[in-house]
Amino acid sequence: MQLVSYSARLLDDGLAVGSAGNMSVRSGDLVAITPSGISYAEMRPEDICLVAMDGTETPEGNQETPSTETPMHLAIYAATKAGAVVHTHSPEVVALSAAREELPAIHYAITGLGGPVRVAPYVRFGSEGLAAAAVEALNGRSAVILRNHGAVTHGRDLAQAYDRALLLEWLARTYRLALSYGEPSILSAAELDEVTAESRRRRYGERRSRRP
Ligand SMILES: [Zn+2]
C-alpha cells in the first residue's frame, strides 16, 4: 500500500525518525491513516487504519490505534479539497518553527506551496486546538509549519503531498543557508504572482500541445 511505502521514505529522506510524523489519504467519506506508535520500519499494509470523517473508526478496521494527529488530518480534509495529508518532524522545519513567524520567499519555488508558509502557534500534539491552528494558518497554502513541532503539507494525492513536504524542508534549509550570509532578499508578492501566472500559462500550453 502507498501509505506504507511512503512512510518508509519518510525515514530514508530524513523527514522523520522512529514513528514520528504520519500521513493519510482520503477515499470518499473515509480516510486511511498510518497507525500510532508503530515504527515505520515495521509498518505493514494491514496496520493502516480507516476512520470516518467524524473520527470514528470503521467496524471492519484493524486493532491498531489511528495516528494521534487524526483530528488534524480530518480538520484539513474538512476545510480543503486535499486528497492526502503528510505530517513530518523534519529538522530544518522544526528549527525554523522555533525561531521564525513564517518561512519567507527567498526562492520562487515557494509558489508551489501557495506562497510564504506561516508558522501556526504552539498547541499540544494530538489536540483539537492544534487541528484548528493548523487549518487557520493553512488558509490559501498547501503547507503549514507548527511551532516547536513540525510541518503539514497536503495535495491532490500522496505523491504531491509528499513532494511538497520535501520542497518545504528544502526551502527551510536554503533560507537558513541564506541567513548565514546576512540578510537575504525576499521576493515580493508581485514577483510571486508573476511566477504563479507564468507557471499556469506554461502548464496550460503543455496540456494543449499534448492533444492530438
Ligand atoms: Zn507530530
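Whatever order the structure lists ligands and atoms in, that order sets their numbers, starting from 1. FYI, side chains are in, hydrogens and waters are out, and symmetry mates aren't considered; it's all heavy atoms of this structure. Not measured: the values here are computed from a predicted model.
Criterion: ILVMFWY side-chain heavy atoms under 4.5 Å apart, direct or through other members. Under it, V144 and Y77 are part of a common hydrophobic cluster. Side-chain heavy atoms closer than 4.5 Å link hydrophobic residues (I, L, V, M, F, W, Y) into clusters, and following such links, even through other members, never connects Y162 to L168.
Considering only heavy atoms from C-beta on, R9 stays 4.5 Å or farther from L15 through its side chain.
Checked options R118, H154, R164; the residue passing with R141 is R118 (criterion: side chain to side chain contact (heavy atoms under 4.5 Å, CB included)). Between L3 and the options I33, V25, N22, a side chain to side chain contact (heavy atoms under 4.5 Å, CB included) holds for only V25.
Among protein atoms, those of element N, O or S found less than 2.8 Å away from the Zn ion (ligand 1) are H87 NE2, H89 NE2, H149 NE2.
Under 4.0 Å is where a charged nitrogen must lie from a carboxylate oxygen, and between E198 and R202 at least one such pair does.
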